[in-house]
4 protein chains.
Amino acid sequence: MNIQPYRPEPDELSYTFGGRAPVGEVRPGTILELYTEDCFGGRVRTVDDLPSQVCEFPYLNPVTGPFHVVGAEPGDTIALHFVSITPARDWAMSTTFPHFGALTATHTTAMLHQALEERVWRYDLDLERGVAVYRARKSDFTVELPLDPMHGTVGVAPAAGEVRMTITPDAHGGNMDTPELRAGVTVYLGVNVEGGLFAIGDGHGRQGHGEVCGTALEAAMNTVVAVDLIKGVGTPWPRMEDDLHLMSTGSARPLEDAYRISQHDLVTWSAGLTGLETLDAYQLISQAGQAPVGNVCDTNYTMVAKVAKAHLRDPAAYGSAHARLRALGAEYLSSR
Amino acid sequence: MNIQPYRPEPDELSYTFGGRAPVGEVRPGTILELYTEDCFGGRVRTVDDLPSQVCEFPYLNPVTGPFHVVGAEPGDTIALHFVSITPARDWAMSTTFPHFGALTATHTTAMLHQALEERVWRYDLDLERGVAVYRARKSDFTVELPLDPMHGTVGVAPAAGEVRMTITPDAHGGNMDTPELRAGVTVYLGVNVEGGLFAIGDGHGRQGHGEVCGTALEAAMNTVVAVDLIKGVGTPWPRMEDDLHLMSTGSARPLEDAYRISQHDLVTWSAGLTGLETLDAYQLISQAGQAPVGNVCDTNYTMVAKVAKAHLRDPAAYGSAHARLRALGAEYLSSR
Amino acid sequence: MNIQPYRPEPDELSYTFGGRAPVGEVRPGTILELYTEDCFGGRVRTVDDLPSQVCEFPYLNPVTGPFHVVGAEPGDTIALHFVSITPARDWAMSTTFPHFGALTATHTTAMLHQALEERVWRYDLDLERGVAVYRARKSDFTVELPLDPMHGTVGVAPAAGEVRMTITPDAHGGNMDTPELRAGVTVYLGVNVEGGLFAIGDGHGRQGHGEVCGTALEAAMNTVVAVDLIKGVGTPWPRMEDDLHLMSTGSARPLEDAYRISQHDLVTWSAGLTGLETLDAYQLISQAGQAPVGNVCDTNYTMVAKVAKAHLRDPAAYGSAHARLRALGAEYLSSR
Amino acid sequence: MNIQPYRPEPDELSYTFGGRAPVGEVRPGTILELYTEDCFGGRVRTVDDLPSQVCEFPYLNPVTGPFHVVGAEPGDTIALHFVSITPARDWAMSTTFPHFGALTATHTTAMLHQALEERVWRYDLDLERGVAVYRARKSDFTVELPLDPMHGTVGVAPAAGEVRMTITPDAHGGNMDTPELRAGVTVYLGVNVEGGLFAIGDGHGRQGHGEVCGTALEAAMNTVVAVDLIKGVGTPWPRMEDDLHLMSTGSARPLEDAYRISQHDLVTWSAGLTGLETLDAYQLISQAGQAPVGNVCDTNYTMVAKVAKAHLRDPAAYGSAHARLRALGAEYLSSR
């Protein structure tokens, strides 16, 4: 098994997709052991660390990478199987952030209100018991929430020579902030430039649907990824697969367009996998499909369209890449 | 136990919320045994019955009711607990419908495209085994989907003297088309006029998230509802409760506004129930909250905001109306 | 000339389109002399009269009417030519209003901000000189703005038995709040119920594009309207015509859908009037069309699509109803 | 007078804002004589040249530049005064384009419709008489439209290290496609990187509001620009000024957010220029402001907020840069 560890130095972190030389090269079939920093660059550590004071725009939401996948060319697809996602510290931070979030005026939903109060919450993480402890700031209310670690950000270099801040999700991936991107999931990303140049970041101990206040349980992560390359098969928007489901994503505004992109892709992808005529696939997804909300706070909103593979009679997507990578991940885990 | 059966004659069906005299009077504590017709008025029965030919606008989406709740006044809340929702026939119908649905030009998302093909699918329902059979129209693909019966439409007479087509969801309820409205759930509706005047319809054998093609497994239903009245407590947008969750809804366009309304209501409702300060509740819902999509096809879109009661340390909403109605429903069921 | 004056008593004002018996009957060819109250019902008269204190929901935005047009049936079009619109007082009022306007959180763009300050501005109107005087409340800045009187609200009873608050614009007309609806303009409204039941209100001394703060120079008006009926010709969304232009409207959310509806209607209407094939009309409107913003604050937003008749080679719309009514109006004016 | 001509070779054209070395250096006070190619790169010349066949993604919408403004640093503002904009050929082209435009399904407003027909129109331009001739493709309808030359695209390198396709409008400018950007107008652009790196392209012989079909009268241009630098004054979104008006822009989706950004900026800018308290400025802009639609077809939509300087009592913006540049332009023109 080809195992490649990588822990970025602070000055190796990336803040864009595109526009950066790769930090390393990866052959298909490799297991990557990665460290990812949290979205604040690790600078928010106590409830007194206000992001607007300790962080510096635009150095937010750092990602680990980009990695050059050997042999990847435009028109191919990179498959990233998340073998494990483990919080690297026993705490996580969350905050309101001025003019950021779904229930506040923002720079684009521009209003004459003052910003909401900037406030920080610190969660203790108990990995053994799989819980995070919420503590109110203005009362003594506390409650345990189950951990459900995930990555908010994964993507490749965009098409057309673009360079995008990591905080923006779009067709190249980016900051989709969907809780569906947890361990056990394979992410498929269409390649736009030689090597693909994927990167990963923004770990969350858990996240509600939509990330309504703008941040989740922001956490540094030790994450293991199995990397593969599917030659000659394109992927228009990031897709995901777990043992039981196929998923398409869409990132846009307004939110119904994110929904439309994701459902449209799931309908046409399902039609291709099953031989269903398009309207027949539209009908089936209409009744069998789910629509987990990703984010409703970032510069584009993200929706996921999801269907049980059983409801499509278990088609094999991408030449069964998920099954292959899952087996590789299991082998890795059992070897630890 | 006060049990009241009601099966509307065809000319007793309603096509609006508001603007109709009640079909009956109900005292709080009553069990209603209702029959509801499907959204096509039962006129689409084979794959050759095109809705545009056999249905007549605006006589679509009929509801059973309205019922006058004795003692209900503006500022109160009607609680409707869905004891059971049972398909009344062994089939259900679904269709594409010209200029209706999320992946088609519509009368408001106006475009120069011709309408998509109007096509009908017929599902056989097997209540014993709890499945519906999907059959493609253009190939021999079939698959079984689990039944998950629900009502798309429930609401009261709107405020301000308005009368709205049943197809529109808004603050008075209406055609929210959320799969969360299944048996075991209590719906809370704010009263706008004396008696409240609630009505129910649009049964679905099951529905995907967003009802992307515009229709679900449209089915007539035999539905049992336990009715209660909460005096002196208002409800700004329809809310729901099951044994484990609290839910708020929002219906608006664009979809992010439906999301905002529902999350805003869940945040402020949770704050009221737990004593959490508002931003503390915002933070907790941001991490613990879910956002099941209702519809992305109707004249307003609907989102649900949902949180496990355990994550709020099990507050009692509406004076524990849900627990009380659930017990009443259980008593009814065990008496059958 | 058949001239019919009407000044409503306070209890004759209407607050909905639909749901009201007509206040009078009008034959096609009649000149109506109407008085309309301002959107506050005349209750806001000084800068100390806060709407939230002196007005009572839902008794806002009263309209004068509805009028039954003799002979009007569903499928016909009512033509209303605005002969003159004259402020009835020498002052007008404007306000911010809690949770209403484009640059504030609202009940549907729900946010956790407190409402913006409720503040009232009083404008002196000088009809002779055609100006209104703006006076800042927090400084001694004053400036004169040209008067450009218009009606924010005009409509008929909606289809499908609906009753809508006057504040909502939709396919039946309503509170479109477009400055294009000034004297010299003919408005075309599709008839949904016998008699059509049109009503008019919400005079503005002038209004910016979008009515961004939610109110304009709210003014009672003496308004003269020439009424006509076009049999057997339907109108899907309100249209307007002046001596030089044709205009279509659309009211919806998000704002691009209001734009789409209005442009789509102008494209297809123009194609019908000129014999242009649809894409040829699309191209011509794309280059020659204007898009004056109506409102971006009401429960639906309104856009107008406008084209110079010269750019369509001067087609005759609705059998030259505008020219006929304009001549009737001129005759009326010269007879005063 | 410092006059600098520049005509790019084909391989010098840029397709992004950011990510390119400057093609030249410009000192404040310089007059630039530029040639800009049309959005098709000049490849669509007859009605048989379908863009999808003769153009190659992403080499669309080329811009002339970028130019390094000597002394420009982040936090400064570049002022570009358009002295003249003259079509370089006696024809212009317009097309429908698959999945592009306001009345068609697109890649983000994803639908199951087939693309509309791709069709090309050729306009003859008569610069003497100031007209363009529209010719229908499917009938013999022709009509003259007045020329009103403008640039769809002007911008600087974006912030945060981003590189954006020229087709996208955002805070850095880009493809705003507003007819307000005509000769006589000064555009203000906030500087994000050293030298600012502005570029200009996408000339239109004229354009309707919203560019509803996705293209205008696409034309190569000979354009004269007077360049200035305002040190130490930032500009959050592109602004414009002509002899009579101030204008703010906003580019976002949904369209109401573009409206909000532009109106918010005009309100706060006006407050700063006049000393008006914020809500007083909100009120004044609400009554005096205009909202010309830019584009409703690009990857972000653009709105302009516009107010007559007289209605603000003629404040001097940016130290009267517009007046200074206008005088410089007049001097240049009289010297020809």
Side-chain angles (χ1 to χ4, degrees), chain A residues 14-20 57-61 105-114 157-168 170-171 192 236-237 248 250-268 271 277-279 281-282 285 299-301 305, chain D residues 14-20 57-61 105-114 157-168 170-171 192 236-237 248 250-268 271 277-279 281-282 285 299-301 305:
Chain A
S14 291
Y15 298 92
T16 55
F17 285 97
R20 266 288 303 263
F57 177 83
Y59 302 107
L60 288 168
N61 209 43
T106 66
H107 292 294
T108 52
T109 306
M111 296 181 169
L112 293 171
H113 299 281
Q114 296 300 309
E162 285 207 316
V163 175
R164 306 297 297 274
M165 284 191 293
T166 53
I167 209 170
T168 296
D170 209 322
N192 300 302
W237 284 84
S248 294
S251 295
R253 290 189 178 198
L255 187 57
E256 54 263 40
D257 273 5
Y259 177 84
R260 284 176 177 130
I261 294 167
S262 61
Q263 297 282 328
H264 181 276
D265 185 64
L266 188 59
V267 166
T268 52
E277 183 268 357
T278 305
L279 286 191
Y282 187 31
I285 295 300
T299 43
N300 282 321
Y301 303 140
Chain D
S14 292
Y15 299 91
T16 54
F17 285 97
R20 266 288 302 262
F57 177 83
Y59 302 107
L60 288 168
N61 208 44
T106 67
H107 293 294
T108 52
T109 306
M111 296 181 169
L112 294 171
H113 299 281
Q114 296 300 310
E162 285 207 316
V163 175
R164 306 297 298 274
M165 283 191 293
T166 54
I167 211 170
T168 297
D170 208 322
N192 299 303
W237 284 84
S248 294
S251 296
R253 289 190 178 197
L255 187 57
E256 54 263 41
D257 273 4
Y259 177 84
R260 284 176 177 129
I261 294 167
S262 62
Q263 296 282 328
H264 181 277
D265 186 64
L266 188 59
V267 166
T268 52
E277 183 270 357
T278 306
L279 287 191
Y282 187 31
I285 295 300
T299 43
N300 283 320
Y301 303 139

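Below, chain A is the first sequence line, B the second, and so on; all start at residue 1.
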Using non-hydrogen atoms and a 4.5 Å limit, figure out which bit of A:Thr278 sits close to chain D: side chain, backbone, both or neither. side chain

Which atoms of A:Thr16 come close to chain D, meaning under 4.5 Å heavy atom to heavy atom: side chain ones, backbone ones, both, or neither? side chain

Under a 4.5 Å cutoff for heavy-atom pairs, which residue among A:Glu256, A:Arg253, A:Arg164 has the most contacts with chain D? A:Arg164

May I ask you to list the residues in residues 258-267 of chain A that approach chain D closer than 4.5 angstrom, counting heavy atoms only, ordered by number? A:Arg260, A:Ile261, A:His264, A:Val267

Compare all side-chain heavy atoms of A:Glu162 with those of D:Glu162 and state whether any distance is below 4.5 angstrom. no

Listed partners of D:Tyr282 passing ring pair (Phe, Tyr, Trp, His ring centres under 6.0 Å), at least two apart: none

